[in-house]
Amino acid sequence: MSDGTNKLFYLEPEYFTVVSSVEVYDNREAVWQLNELEYINGEVWANIYQTDRLARIDPATGKVLSYVDLKGLLDDRDRKPDTDYLNGIAWDSVNEKLYVTGKNWPWVYEIEIVPR
């Protein structure tokens, strides 16, 4: 679970009580505004609220393994006055496909992560 800070909280599933937490940092500083979490192949992926970036996080240490830059994914022509930021992540573990969207976005995107 996330509360918008730089912490990830681990909950027990029956009563949702906090069992532990970890602070999230990259190589320079704490990473704040963690939002919309998804567990993908042993990593926690988090949208960074009000940005077009995802953080891939080691769940044991809180270290950011890398960022996924999705700037420009939604074409400017598709933006309306109520279009908000990227904030949806979904992982299809059966087909190993990753989907993202944003608040009031007209599309859901299937994306493939490729190294720079």
Side-chain angles (χ1 to χ4, degrees):
M1 180 179 85
S2 155
D3 64 357
T5 65
N6 75 317
K7 288 186 180 178
L8 295 179
F9 297 92
Y10 296 90
L11 310 176
E12 64 82 24
E14 188 173 350
Y15 296 103
F16 299 104
T17 54
V18 176
V19 176
S20 65
S21 65
V22 64
E23 292 187 8
V24 177
Y25 286 85
D26 61 16
N27 290 331
R28 296 186 331 244
E29 59 194 1
V31 179
W32 293 82
Q33 305 275 50
L34 299 175
N35 182 31
E36 184 59 35
L37 307 177
E38 189 73 27
Y39 191 75
I40 302 173
N41 294 332
E43 301 172 354
V44 173
W45 288 47
N47 169 241
I48 301 171
Y49 185 60
Q50 296 186 332
T51 75
D52 290 328
R53 288 193 316 161
L54 306 176
R56 294 177 46 235
I57 303 165
D58 179 321
T61 65
K63 179 173 175 30
V64 173
L65 304 169
S66 69
Y67 289 105
V68 178
D69 183 3
L70 297 175
K71 186 177 181 181
L73 182 63
L74 181 64
D75 192 286
D76 287 339
R77 294 174 297 193
D78 291 323
R79 291 192 180 273
K80 307 290 182 234
D82 66 339
T83 303
D84 210 339
Y85 300 97
L86 176 78
N87 80 333
I89 308 169
W91 174 244
D92 173 357
S93 61
V94 173
N95 297 302
E96 295 198 349
K97 294 184 182 222
L98 180 61
Y99 301 94
V100 297
T101 192
K103 201 168 281 236
N104 297 319
W105 283 22
W107 314 108
V108 173
Y109 296 88
E110 177 186 332
I111 63 171
E112 179 182 354
I113 305 303
V114 293
R116 276 193 179 174

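A quick note: this is a predicted structure, and the numbers were derived from the prediction, not measured. Counting begins at 1 with the first residue of the sequence.
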*Asks:* So which atom in Ala30 and which in Asn6 form the shortest heavy-atom distance, rounded to 0.1 Å?
*Replies:*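 Of all heavy-atom pairs spanning Ala30 and Asn6, the closest is CB-ND2, 3.4 Å.
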*Asks:* Measure the spacing between CH2 of Trp91 and NZ of Lys97 and express it to the nearest 0.5 Å.
*Replies:*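 Trp91 atom CH2 to Lys97 atom NZ measures 10.0 Å (nearest 0.5 Å).
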*Asks:* Would you mind checking if Lys71 and Asp69 are paired as a salt bridge, meaning a charged N to carboxylate O distance below 4.0 Å?
*Replies:*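 Looking at Asp69 and Lys71, the cut-off is not met.
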*Asks:* Heavy atoms, side chains only, cut-off 4.5 Å: are Leu54 and Val100 in contact?
*Replies:*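 Leu54 vs Val100: side chains touch.
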*Asks:* Is there a chain of hydrophobic side chains (I, L, V, M, F, W, Y, each step under 4.5 Å between heavy atoms) that links Val64 to Phe9?
*Replies:*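 Val64 and Phe9: separate clusters.
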*Asks:* Tracing side-chain links under 4.5 Å among I, L, V, M, F, W and Y, which residues wind up in one group with Val108?
*Replies:*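 Noted: Val108 shares its cluster with Tyr99.
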*Asks:* Establish whether Phe16 and Val18 are linked, either directly or via other cluster members, by ILVMFWY side-chain heavy-atom contacts under 4.5 Å.
*Replies:*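 Per the 4.5 Å side-chain linkage, Phe16 and Val18 are co-clustered.
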*Asks:* Test side chain to side chain contact (heavy atoms under 4.5 Å, CB included) on Tyr10 and Met1 and set out the steps.
*Replies:* CA-CA 6 Å; Tyr10 296 90; Met1 180 179 85; over 6 Å; no
*Asks:* Nearest 0.5 angstrom please: Leu65 CG to Ile57 CD1, how far?
*Replies:*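 Answer rounded to 0.5 Å: 8.5 Å.
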*Asks:* To the nearest 0.5 Å, tell me how far Leu73 CG sits from Trp107 CH2.
*Replies:*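 One gets 12.0 Å once the value is rounded to the nearest 0.5 Å.
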*Asks:* So which pairs with a foot in residues 18-30 pass side chain to side chain donor-acceptor pair (under 3.5 Å), sequence neighbours left out?
*Replies:*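 Listed by first then second residue: Glu23-Tyr25, Asp26-Tyr67, Asn27-Lys63.
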*Asks:* Show me the donor-acceptor pairs within less than 3.5 Å that the side chains of residues 83-90 make with the rest of the protein, sequence neighbours left out.
*Replies:*
| unit_1 | atom_1 | unit_2 | atom_2 | d |
| --- | --- | --- | --- | --- |
| Thr83 | OG1 | Lys80 | N | 2.7 |
| Thr83 | OG1 | Lys80 | O | 3.3 |
| Asn87 | OD1 | Lys103 | N | 3.1 |

*Asks:* If you apply the rule side chain to side chain contact (heavy atoms under 4.5 Å, CB included), what do you find for Trp32 with Thr5, and how did you get there?
*Replies:* CA-CA 5 Å; Trp32 293 82; Thr5 65; 3.7 Å; yes
*Asks:* Is any side-chain heavy atom of Trp45 closer than 4.5 Å to one of Val68?
*Replies:*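 Val68 vs Trp45: side chains touch.
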*Asks:* At what distance, to the nearest 0.5 angstrom, does CG of Leu98 lie from CD1 of Ile111?
*Replies:*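 Those atoms lie 4.0 Å apart.
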*Asks:* Does Asn104 use its side chain to pair, donor to acceptor, with the backbone of Asp82 at less than 3.5 Å?
*Replies:*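 Side chain of Asn104 to backbone of Asp82, a donor-acceptor pair under 3.5 Å: yes, one is there.
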*Asks:* When hydrophobic residues are tied together by side-chain contacts of less than 4.5 Å, even through go-betweens, does Tyr109 share a cluster with Leu70?
*Replies:*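 Hydrophobic grouping puts Tyr109 with Leu70.
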*Asks:* Which distance, rounded to the nearest 0.5 Å, do you find between the CG of Asp3 and the CD of Gln33?
*Replies:*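 Those atoms lie 10.5 Å apart.
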*Asks:* Please report the shortest heavy-atom distance between Gly62 and Val22, naming the atom on each side.
*Replies:*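 In this case the closest contact between Gly62 and Val22 is N-CG2, 3.5 Å.
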